[in-house]
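A short write-up of the structure that comes next.
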Amino acid sequence: MNCRDLQKGAILVPELPEVETTRRGIAEQIRGCRIEEVVVRNSRLRQQVPGDLDERLRGSTFQETKRRAKYLLLETTAGELLIHLGMSGSLRIVAEEEQQRTHDHVIWFLEGGRQLRYHDPRRFGLVTWAGDDPSQHPLLRDLGPEPLEQEQLGEILFDRSRGRNLRLRDFLLDPKVVAGVGNIYANEAAWQAGIRPDRRCGRISLQRYQRLGESIQDVLSRAVIQGGTTLNDYVQPDGEPGYFQHHFEVYGRAGEACSRCEGLIRRVVKGQRSLFFCSGCQK
DNA sequence: CCCGATTCCTGTAGGC
DNA sequence: TGCCTACAGGAATCGG
């Protein structure tokens, strides 16, 4: 997808596939690396970055890098870090001589001269401690199921939607319902399943939810693969955060013809957010 | 509990 | 050219 294909002002946001791609991109790069120093250049993210990062992490070693929903969990021998990319965050591994950029808020100095940098212009993300039992951290405790690890995703969504009256898109965006689906993939999955994203979620049949569950998994897993191929963007000389390129069917394509039925793609703002759907084949 | 509105923030684009 | 405004969005929080 090309940037000019997007609706004006639209930008690409880290959703589950982008976070997973980030995880894959840094996991083996930092595993086993000793942390020599941590510098917090700006601690004012969505939550205050803890003041004891450097004190605690100095001399420790990175271990596994895991993901839960859109959160990254960076294990170290001194404790586990919880990182969220918000809507403009990125993590990059760079050589120490690479010039720091505005909005590089947290920098881990690794042995051997490389650095892990957390970059986030809008500061909606966070870097904090995950605690002794990350699964019980307040930000992780109530998260819904991982969509790519559920065999019966459609059934789960059907069950959780009964008796509720919000729009399907807003239902899918609720992290307590399903983890890691943002506005882009909610719209894309609804298109693939042939369901209008403004349908009331409690009035959609089990059969249609089953198709939707498959669509969510298909869209997310295809995006993970595409995200993997574009990770190279992160190390381009211009240092741009490398928003991942995808081929969207509806998102940002208002006014264009649907690839499935030649109907018109519409954009409707609901709840301060854009819905994109085909007026022909989504019911 | 349910659900819509508001809030945080900055880069970008469009209007004048 | 430059100023001003609107808008994008994850998720916590508030209020009806």
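Order of the sequence lines sets the chain letters (A, B, ...), proteins ahead of strands, with each chain counted from 1.
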Contact pattern, 5' to 3', of nucleotides 3-10 of chain B - B, S or - by protein heavy atom under 4.0 Å: SS-B-BBB
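- Summarising the geometry, the separation between CD on A:Glu18 and P on C:dA8 is reported as 19 Å, rounded to the nearest angstrom.
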side-chain contact (heavy atoms from CB on, under 4.5 Å) assessment of A:Tyr71 paired with A:Leu139: CA-CA 9 Å; A:Tyr71 292 91; A:Leu139 294 171; 3.8 Å; yes
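- As judged by a 4.0 angstrom heavy-atom cut-off over every strand, A:Phe171 is placed among residues making no nucleic acid contact.
- Under the salt bridge (Lys or Arg N to Asp or Glu O under 4.0 Å) criterion, A:Arg167 pairs with A:Asp170, not counting sequence neighbours.
- Of the possible donor and acceptor atoms, one in the side chain of A:Gln282 sits under 3.5 Å from a partner among the backbone N and O of A:Ala190.
- With sequence neighbours excluded, the residues satisfying side chain to side chain contact (heavy atoms under 4.5 Å, CB included) with A:Gln100 are A:Arg41, A:Asp104, A:Ile107, A:Arg117.
- Spacing between atom CD of A:Glu188 and atom P of C:dG9 amounts to 12 Å, rounded to whole angstrom units.
- Of the residues in residues 134-148 of chain A, none lies under 4.0 Å from DNA chain B by heavy-atom distance.
- Under the side-chain hydrogen bond (donor to acceptor under 3.5 Å, both in side chains) criterion, A:Arg123 pairs with no residue, sequence neighbours left out.
- Considering only residues two or more places apart in sequence or on other chains, A:Lys176 meets the side chain to side chain contact (heavy atoms under 4.5 Å, CB included) condition with A:Asp142, A:Asp174.
- Between A:Ser88 and the phosphate of C:dG9, there is no side-chain N or O to OP1/OP2 separation shorter than 4.0 Å.
- For the helix from B:dC2-C:dG16 to B:dC16-C:dG2, the rotation axes defined at the first and last 5 base pairs enclose an angle of 50°, given to the nearest 10°.
- Applying the 4.0 Å criterion to OP1 and OP2 of C:dG10, one finds that A:Tyr185 has every side-chain N and O outside that range.
- The distance between atom CZ of A:Arg169 and atom C1' of C:dG10, rounded to the nearest whole Å, is 12 Å.
- For A:Lys70, a side-chain nitrogen or oxygen approaches OP1 or OP2 of C:dA11 to under 4.0 Å.
- Whole-Å rounding puts the A:Arg46 CZ to C:dG10 P distance at 12 Å.
- In this structure A:Asn165 satisfies the side-chain hydrogen bond (donor to acceptor under 3.5 Å, both in side chains) test with no other residue, sequence neighbours excluded.
- C:dA8 atom P lies 15 Å from atom CD of A:Glu15, rounded to whole Å.
- The side-chain hydrogen bond (donor to acceptor under 3.5 Å, both in side chains) test applied to A:Ser161 returns A:Tyr209, not counting sequence neighbours.
- Take A:Ser205 and apply the side chain to side chain contact (heavy atoms under 4.5 Å, CB included) test, not counting sequence neighbours, and it matches A:Gln207, A:Arg208.
- Here C:dG9 presents its P atom at 10 Å from CG of A:Leu275, a figure rounded to the nearest Å.
- Evaluation of the side chain to side chain contact (heavy atoms under 4.5 Å, CB included) rule for A:Pro145 yields A:Gln150, A:Ile156, A:Arg160 as partners, not counting sequence neighbours.
- Distance CG (A:Leu85) to C1' (C:dA11): 14 Å, rounded to an integer number of Å.
- Partners of A:Arg34 by side-chain hydrogen bond (donor to acceptor under 3.5 Å, both in side chains), not counting sequence neighbours: none found.
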